[in-house]
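Keep in mind the model is a prediction, meaning the values are calculated, not measured. Residue numbering restarts at 1 for every chain, and letters A, B, ... go by the order of the sequence lines.
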2 protein chains.
Amino acid sequence: MSLPHAILTALLEKPSSGLELTRRFDKSIGFFWSATHQQIYRELARLEDAELIRAVPQPPSRGQRKEYEVLPDGRAELRRWVAAGQDPRPVRDPLMVRVRAASVVGTEGLAAELHRHLGLHRAQLEEYRAIEERDFPVEGAADEDRLLHGVLRAGIAQESFWVGWLAQMLDELPPEEGE
Amino acid sequence: MSLPHAILTALLEKPSSGLELTRRFDKSIGFFWSATHQQIYRELARLEDAELIRAVPQPPSRGQRKEYEVLPDGRAELRRWVAAGQDPRPVRDPLMVRVRAASVVGTEGLAAELHRHLGLHRAQLEEYRAIEERDFPVEGAADEDRLLHGVLRAGIAQESFWVGWLAQMLDELPPEEGE
DNA sequence: GCGCGTTTTGCACGCAGTTGCATAATCGTC
DNA sequence: GACGATTATGCAACTGCGTGCAAAACGCGC
């Protein structure tokens, strides 16, 4: 259950409304924990219920912005969670299943799909690299920055791996018609 | 929705009962698409309903082994699925969320958790390497084998990445008491 | 100041996956 | 041949997440 804690983190970085959060997720935390706006609204309501966050006083009504901020209990809960243990979640990679299936029923149509993924991962890699240049231009920063940079480096390494792996697989794959 | 196709693949490699499937999942396909026995039983029932697989004739009763095999329609469906497109699922990595949270509320307790993960990934890497030595001792095999070896190489690369990344993060992290 | 699109929040439903428990057959042991 | 442990299948309830849709406020144009 990481979503509530991802939201607490985002709100500590900057108090926001549901929609703002959704947008910030799309280009930072969401790289590692994606969430739709409904998930976020639901979770904000739960966190407010649990009194870990609160909406800054405003006339509450539907369709009206509600700005949330983290309460002391929320910060404490996040601190507790950072130290808590949690096993890595089991891997679930449809592409690997697909390749395995192809080894049984034939590789027809597989190359195109690998190609498409290659493009997607290349694009993501570019995006990460751009963020790195923008946010971490020099080495030797503060502890806080080193952690954030570390997370970004993980993303870059993962995407680099996929780009390399997909290229190699496409190389080894018997060519298809219409390529 | 990869589970039914993972099961079809496994059944094509070798007709099996539900429990056998569960066990084979735990040490092959399950590395990339884990599943519990309940998921597998439910999915087998659905696949049988859809007439993609069938139970080889036996006195059907509870607690009695039911061996399943893939029907022609099932093989066709799997072939169709291999060529189908599917976007990579959004990443969901609790550990990255945790590190990011730590950059806001402090790293207390984080090192221990990173250390634990390092151990787990090291162990998984060992397991993959053992499988590689056992199943793919030499290069230049058949197409089918090259695909399977490719999937395994992906697993090895991922685990290697984690081991390296975690070691570096632990290196950079300020040391804690009681380490 | 009225209509209309946009922004922001939210509900309802369904599916995939997990956990806990139940039930039936089988096998070993004394 | 009775008992308990193990094997094998399955049901029920719950949770997290995704999709589709609705509803309230706001902003803009005329």
Calculate the interatomic distance between [X] atom [atom1] and [N] atom [atom2]; express it in whole Å.
| X | N | atom1 | atom2 | result |
| --- | --- | --- | --- | --- |
| B:Leu44 | D:dA8 | CG | P | 14 Å |
| A:Asp49 | C:dG10 | CG | C1' | 14 Å |
| B:Glu20 | D:dA8 | CD | P | 8 Å |
| A:Gln86 | D:dG16 | CD | C1' | 13 Å |
| A:His37 | D:dA22 | NE2 | P | 14 Å |
| A:Phe25 | C:dT8 | CZ | P | 17 Å |
| A:Arg65 | D:dG27 | CZ | C1' | 15 Å |
| B:Glu48 | D:dT9 | CD | P | 12 Å |

With the threshold set at 4.0 Å, does a side-chain nitrogen-carboxylate oxygen contact exist between [X] and [Y]?
| X | Y | result |
| --- | --- | --- |
| B:Glu20 | B:Arg65 | yes |
| B:Arg54 | B:Glu67 | no |
| A:Arg46 | A:Glu43 | yes |

Name the closest nucleotide to the [X] side chain, picking from [options].
| X | options | value |
| --- | --- | --- |
| A:Gln38 | D:dG10, C:dC11, D:dG16 | C:dC11 |
| B:Leu19 | D:dA8, C:dT18, D:dG20 | D:dA8 |
| A:Arg42 | D:dG10, C:dT9, C:dC13 | C:dC13 |
| A:Thr36 | C:dA16, C:dG17, D:dG18 | D:dG18 |
| A:Arg23 | C:dT8, D:dC17, D:dC21 | C:dT8 |

Notebook entry, point to check: Reckon A:Tyr41 has a side-chain N or O less than 4.0 Å from the OP1 or OP2 of C:dG10?
Noted result: no

Notebook entry, point to check: Under 4.0 Å between a side-chain N/O of A:Arg92 and OP1 or OP2 of C:dT18, yes or no?
Noted result: yes

Checklist line | Within the 6.0 Å centroid threshold, strictly below: A:Tyr128 and A:Phe31 | finding: yes

Note to self: B:His149 vs B:Glu132, test: side-chain contact (heavy atoms from CB on, under 4.5 Å). Steps then yes/no.
What the structure shows: CA-CA 8 Å; B:His149 193 186; B:Glu132 189 178 33; 2.8 Å; yes

Checklist line | Residue whose nearest DNA chain D nucleotide is more 5′ - B:Ser17 or A:Trp33 | finding: B:Ser17

Next item on the list: Can you check whether any acceptor in the base of D:dG16 is under 3.5 Å from a donor in the side chain of A:Gln39, or vice versa?
Entry: no

